2 protein chains.
Amino acid sequence: MSSALPKAARRGLADEAADLVRAAIFSGHFPPGAPLREVELAERLGVSRGSVREGLARLEHEGLVRGGWHRGTTVIRVTAEDAQEVYALRAALDRLAATTARRAATAEQLSALDRLVAEMAAEIAEGGDAPRLVALDIAFHDQIYAAAGNGRLTSAWEAIRSQVHLFQLRRVDVAYDHYRARVVDEHRELAALLRSGDIRTLARRAEEHVESARRSLLAGLPTAP
Amino acid sequence: MSSALPKAARRGLADEAADLVRAAIFSGHFPPGAPLREVELAERLGVSRGSVREGLARLEHEGLVRGGWHRGTTVIRVTAEDAQEVYALRAALDRLAATTARRAATAEQLSALDRLVAEMAAEIAEGGDAPRLVALDIAFHDQIYAAAGNGRLTSAWEAIRSQVHLFQLRRVDVAYDHYRARVVDEHRELAALLRSGDIRTLARRAEEHVESARRSLLAGLPTAP
DNA sequence: CGATCTTTCAATGTCAACATTAGGACAAGA
DNA sequence: TCTTGTCCTAATGTTGACATTGAAAGATCG
């Protein structure tokens, strides 16, 4: 009912290529600053340059890569200024998403949030694989945006989602203990506020949640080139 | 004249095509729901289908058109729900842009805002061409986002900018008197608050400015198909 | 030896042809 | 008449070749 079951959306090669390259960036195969040559990717992925080009354009709109006229495409670098920009925007978007979802969320969607928190706790109990925890973190916020039900808001989130994902991966690299100690509690509180919390408190906590992530990343970033 | 002069960035045919099609949509040549066929546009603009395709992808990321797999591209329709989504997001973005610009704006950028307000007043005195007033309105907010200096925030604004432009054109169609009577005053107040206003007041007024636009459009929308 | 102009080339921008598909026209059956 | 299955066509998805360009290597001059 929320999102109908027939997710049989048939996609083109461009989306496929974008997914593959995005995964390669997250896995570290393409480090920050690495050039993404169209011909090379086309050969490696077994598709034409046109499709690769379209896929790269999509990644560019996600902010994961940057490109200029006749100057190629490269993976973005994670500078302190970039983090400031992304997290400032994310705070505003998360605030709106949370307050909107507070009114619009269905019982099923609220349960999905609880389920994700439980998965985080289970993951930590089993040792705590950092990339998987980050994936669950992102999925949690995806669910909030879905519950808000504002397509444009979701698009705005998707435009910085991959960057946030990349930044969070970097964050667990520089401050895993801090992250591991707070993930479950912070998200559990957000889930509770979304179910039956005061709107103003929810708005404030949603912003503070992002602020916490920003500080955690920035604390370990400027020292590392 | 709208933005800084260093606009010498050499662009490709895709951008050119996107600009042309966007202007055609604003002018009413392509009404809401109209299909945008690649071959037809390629012939009329004198470029290849590839460039048109890339340009249409850009317009899709601006939210001006919608497209599906093998289902072509069509101009969006202006429904009440669409307006709700766009204006809710715009309120959040404008709020962040205003509060950020309050600290970061230079004297030159603040003067540019005053200049735009003066142009609005002059335009009204000379009769008041609706499309030109809307263009100045949009340019005013462009300037605020530029003053904020957050690239990601500006990108998020650009993702709904064309939709807002389209909605505002529709708004002056259904409630021109209401618009004409308030544009100058509302923007003059925003400019003053950006120069020397309280942050909280500024945040509230920035949101209310959008809320005012939303109500004005919605009041005349549901009746028209 | 350093600076500036020229050349070169690898990579991107553009294009037109081929392959695939969604949606409608049409006809057979209940 | 309504449903269902088939076919057809117009439009999009995909591809490899050709044109253009930015930047670095090389040459020339002061």
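Protein chains get the first letters and strands the later ones, always in sequence-line order, with residue 1 at the start of each. Note that the structure is predicted; figures quoted are calculated from it, not measured.
Using the six-membered ring where Trp is involved, B/H187 and B/H209 have ring planes that are perpendicular, over 60° apart on the 30 and 60° scheme. The aromatic rings of B/H61 and A/H61 sit parallel, their planes meeting at an angle under 30°, below the 60° perpendicular limit.
Closest contact between the side chain of A/R53 and the listed nucleotides C/dG13, D/dT14, D/dG13 involves C/dG13. Listed nucleotides: D/dT12, C/dT12, C/dC15. Nearest to the side chain of A/R37: C/dT12. Side-chain proximity of B/R49 to the nucleotides C/dA17, D/dT21, C/dC15 is greatest for C/dA17. The side chain of B/E38 lies closest to D/dG13 when the candidates are D/dT14, C/dT14, D/dG13. Out of D/dT12, C/dA22, C/dT12, the shortest distance to the side chain of B/W69 is found at C/dA22. Each of C/dT12, C/dT14, D/dT12 was ranked by its minimum atom distance to the side chain of B/L13; first place goes to C/dT14.
In this structure, the CD atom of A/E54 is 15 Å from the C1' atom of C/dG13, given to the nearest Å. The interatomic distance linking A/D15 (CG) with D/dT14 (C1') rounds to 14 Å, in whole Å. Counting to the nearest Å, the C1' atom of C/dT14 and the CD atom of B/E43 are 17 Å from each other. One atom, CG of B/L45, and another, C1' of C/dT14, lie 15 Å apart when rounded to the nearest Å. The interatomic distance linking A/H70 (NE2) with D/dA24 (C1') rounds to 16 Å, in whole Å. In this entry the distance linking CD of B/E16 with C1' of C/dC15 reads 17 Å, nearest Å.
B/G50 comes within contact range of no nucleotide atom at all, as no heavy-atom separation falls under 4.0 Å. Using a 4.0 Å heavy-atom criterion, one finds that B/L56 contacts no nucleic acid atom at all.
Contact annotation: A/S51 side-chain N/O to D/dT15 OP1/OP2 distance is under 4.0 Å.
In this structure, CG in B/L136 is found 10.0 Å from CG in B/D129, a value given to the nearest 0.5 Å. Distance check: A/Q109 CD to A/L113 CG gives 8.0 Å after rounding to the nearest 0.5 Å.
In the interface, the side chain of A/R71 is not paired with the base of C/dG13 through any donor and acceptor atom under 3.5 Å apart.
By the 6.0 Å contact criterion, CZ on B/R77 is open, its count of non-hydrogen atoms from other residues, nucleotides or ligands being 12 or less.
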